[in-house]
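Quick caveat, the model's predicted, so the values are computed rather than measured. Only this structure's heavy atoms are used, side chains among them; waters, hydrogens and symmetry mates stay out.
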Amino acid sequence: KKILNKYFIIRISWLYSHYSSNFVTKVIRNLNSNKNMNIVNDQFGLPTSADDLAKVVFKIVNSLYKRKKKYGVYHYSNFAQKPISWFQFAIEIHKINSLYRKSASNIRNINSSNYNSIANRPKNSSLNIDKICNTFNVKKRNWKIQLKKTISKIYKDNI
């Protein structure tokens with residue numbers, strides 16, 4: 001921002017995909033190994049599907065060709081009426097995952113003060129996505145629906 005006049009910065013939260021290592025794939029690995037998990041219940045935000053983020057970036061790049069250059073800082077995540085906790089996210093992953101594979105894992109909620117982490121995390125990392133939706137005609141996508149699609153891809157690809 002200090003060097004360039006023309007830039008796009010897209011801030012995201014809780015990014016996940018069916019590839020690689022992220023919260024969703026780690027929870028599924030633990031569920032499928034019947035490992036118990038302690039997940040924080042006092043940090044809130046909204047998950048972001050990498051597939052959806054790619055579509056948003058495509059819309060922004062496409063806008064450049066239409067000479068609608070609206071540079072700036074934008075926020076993007078999937079949508080919910082209110083932010084969710086990491087614990088709620090893990091419970092939804094477990095619920096959807098159980099459609100594909102049963103698990104004996106227990107997911108316990110804990111306060112972040114009881115979770116040993118090097119990184120200091122904010123209590124609320126949810127983002128207002130109205131600007132990016134209005135500027136680039138981006139549809140708000142429900143986080144639960146997008147999570148179902150991602151978990152389906154995980155089992156389809158056998159990752």
Side-chain angles (χ1 to χ4, degrees), residues 8-60 73-159:
F8 291 102
I9 297 172
I10 304 173
R11 297 181 69 231
I12 55 173
S13 62
W14 299 13
L15 185 67
Y16 69 90
S17 78
H18 63 287
Y19 295 112
S20 195
S21 181
N22 56 72
F23 187 77
V24 172
T25 58
K26 286 178 184 177
V27 169
I28 289 173
R29 252 185 259 121
N30 285 337
L31 289 169
N32 292 346
S33 299
N34 293 313
K35 291 183 182 176
N36 294 328
M37 292 170 270
N38 294 324
I39 309 289
V40 296
N41 63 4
D42 59 351
Q43 293 176 358
F44 297 87
L46 289 169
T48 305
S49 159
D51 288 346
D52 286 342
L53 177 61
K55 291 172 188 168
V56 169
V57 170
F58 180 79
K59 276 196 166 216
I60 292 171
V73 177
Y74 295 90
H75 298 159
Y76 184 73
S77 68
N78 287 128
F79 180 74
Q81 292 299 322
K82 62 181 185 174
I84 62 167
S85 70
W86 285 106
F87 174 73
Q88 290 169 303
F89 191 26
I91 292 298
E92 190 65 22
I93 294 166
H94 181 37
K95 185 172 133 184
I96 297 166
N97 191 68
S98 68
L99 300 172
Y100 298 92
R101 191 165 171 188
K102 301 297 178 202
S103 174
S105 297
N106 288 315
I107 302 175
R108 292 182 291 271
N109 65 56
I110 61 168
N111 291 326
S112 54
S113 60
N114 296 327
Y115 184 73
N116 190 13
S117 175
I118 297 170
N120 190 10
R121 306 279 183 208
K123 290 289 183 186
N124 189 339
S125 61
S126 57
L127 303 169
N128 183 327
I129 63 171
D130 289 341
K131 180 181 173 184
I132 201 166
C133 291
N134 294 333
T135 303
F136 299 103
N137 195 28
V138 171
K139 292 181 179 136
K140 293 180 179 180
R141 298 188 186 274
N142 180 285
W143 73 272
K144 287 184 180 182
I145 293 169
Q146 300 315 112
L147 180 61
K148 285 178 187 174
K149 290 179 183 178
T150 297
I151 293 174
S152 172
K153 285 181 183 180
I154 289 171
Y155 282 95
K156 182 180 176 191
D157 293 350
N158 292 318
I159 294 176

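Open room surrounds CZ on Phe58; 12 or fewer heavy atoms of other groups in view lie less than 6.0 Å from it. In Lys140, the NZ atom is crowded: over 12 heavy atoms of neighbouring residues, nucleotides or ligands sit closer than 6.0 Å.
The structure places CD of Gln146 at 12.0 Å from CG of Leu53, a figure rounded to the nearest 0.5 Å. Rounding to the nearest 0.5 Å places CZ of Arg11 at 13.5 Å from CD1 of Ile129. Between His75 atom NE2 and Ser125 atom OG the span is 11.5 Å, to the nearest 0.5 Å. The distance from the OH atom of Tyr74 to the CG atom of Asn134 is 10.5 Å, given to the nearest 0.5 Å. Between atom NZ of residue Lys148 and atom CH2 of residue Trp143 there is a gap of 10.0 Å, rounded to the nearest 0.5 Å. Between the CZ atom in Phe136 and the NZ atom in Lys131 there is a gap of 8.5 Å [rounded to 0.5 Å].
Side-chain contact check for Ser85 and Asn41: no donor-acceptor pair (N or O, by modelled atom type) lies under 3.5 Å. No hydrogens or angles considered: nothing links the side chains of Trp14 and Ser77 as a donor-acceptor pair under 3.5 Å. For the residue pair Lys123 / Ser112, a side-chain donor-acceptor distance below 3.5 Å is found, with atom types taken as modelled. Side-chain atoms of Ser49 and Asp51 include no donor-acceptor pair closer than 3.5 Å. No side-chain N or O of Arg141 forms a donor-acceptor pair with one of Asn78 less than 3.5 Å apart.
Side chain of Lys153 to backbone of Tyr19: no donor-acceptor contact under 3.5 angstrom is found. Remark: the backbone N or O of Lys35 is paired with a side-chain donor or acceptor of Ser105 at under 3.5 angstrom. One N or O on the side chain of Asn36 and one on the backbone of Asn106 form a donor-acceptor pair closer than 3.5 Å. Of the possible donor and acceptor atoms, none in the side chain of Thr150 sits under 3.5 Å from a partner among the backbone N and O of His18.
Side chains of Met37 and Leu31 form a contact here, defined as non-hydrogen atoms less than 4.5 Å apart. Looking only at side-chain heavy atoms (C-beta outward), Leu147 and Tyr16 come within less than 4.5 Å of each other. Between Ser21 and Lys26, the closest side-chain pair of non-hydrogen atoms falls below 4.5 Å. The side-chain heavy atoms of Asn109 and Ile91, taken from C-beta on, include no pair separated by under 4.5 Å. You'll find the side chain of Tyr155 reaches within 4.5 Å of the side chain of Arg101, heavy atoms only. In this structure, the side chains of Ile10 and Ile60 come closer than 4.5 Å at one or more pairs of heavy atoms. Leu46 has its side chain out of reach of Phe79: every pair of non-hydrogen atoms, C-beta onward, lies at least 4.5 Å apart. At least one side-chain heavy atom of Val24 sits less than 4.5 Å from a side-chain heavy atom of Ile151.
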*Let me see the working for Ile28 and Ile93 under side-chain contact (heavy atoms from CB on, under 4.5 Å), right down to the final yes or no.*
CA-CA 7 Å; Ile28 289 173; Ile93 294 166; 3.7 Å; yes
*So Tyr76 and Asp52, side-chain contact (heavy atoms from CB on, under 4.5 Å) or not? Walk me through it.*
CA-CA 9 Å; Tyr76 184 73; Asp52 286 342; 3.5 Å; yes
*asked:* As a quick check of understanding, evaluate side-chain contact (heavy atoms from CB on, under 4.5 Å) for Thr25 and Ile154, giving each step before the final call.
replied: CA-CA 8 Å; Thr25 58; Ile154 289 171; 4.1 Å; yes
*Please walk me through it: do Ser126 and Asn124 pass side chain to side chain donor-acceptor pair (under 3.5 Å)?*
CA-CA 6 Å; Ser126 57; Asn124 189 339; 2.6 Å; yes
*Please assess Phe8 against Ile132 for the test side-chain contact (heavy atoms from CB on, under 4.5 Å), listing each intermediate value before the final yes or no.*
CA-CA 11 Å; Phe8 291 102; Ile132 201 166; over 6 Å; no
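Val40 and Gln43 make their closest contact through CG2-OE1, 3.7 Å (heavy atoms, listed as atom of the first residue, atom of the second, distance). Taking every heavy atom of both residues into account, Phe44 and Gln88 meet most closely at CE2-OE1, 4.2 Å. Of all heavy-atom pairs between Asn38 and Ile110, the closest is CB-CD1, 3.8 Å. Between Ile107 and His94, the shortest heavy-atom distance links the atoms CD1-CB, 3.8 Å. Taking every heavy atom of both residues into account, Asn137 and Lys59 meet most closely at O-NZ, 2.6 Å.
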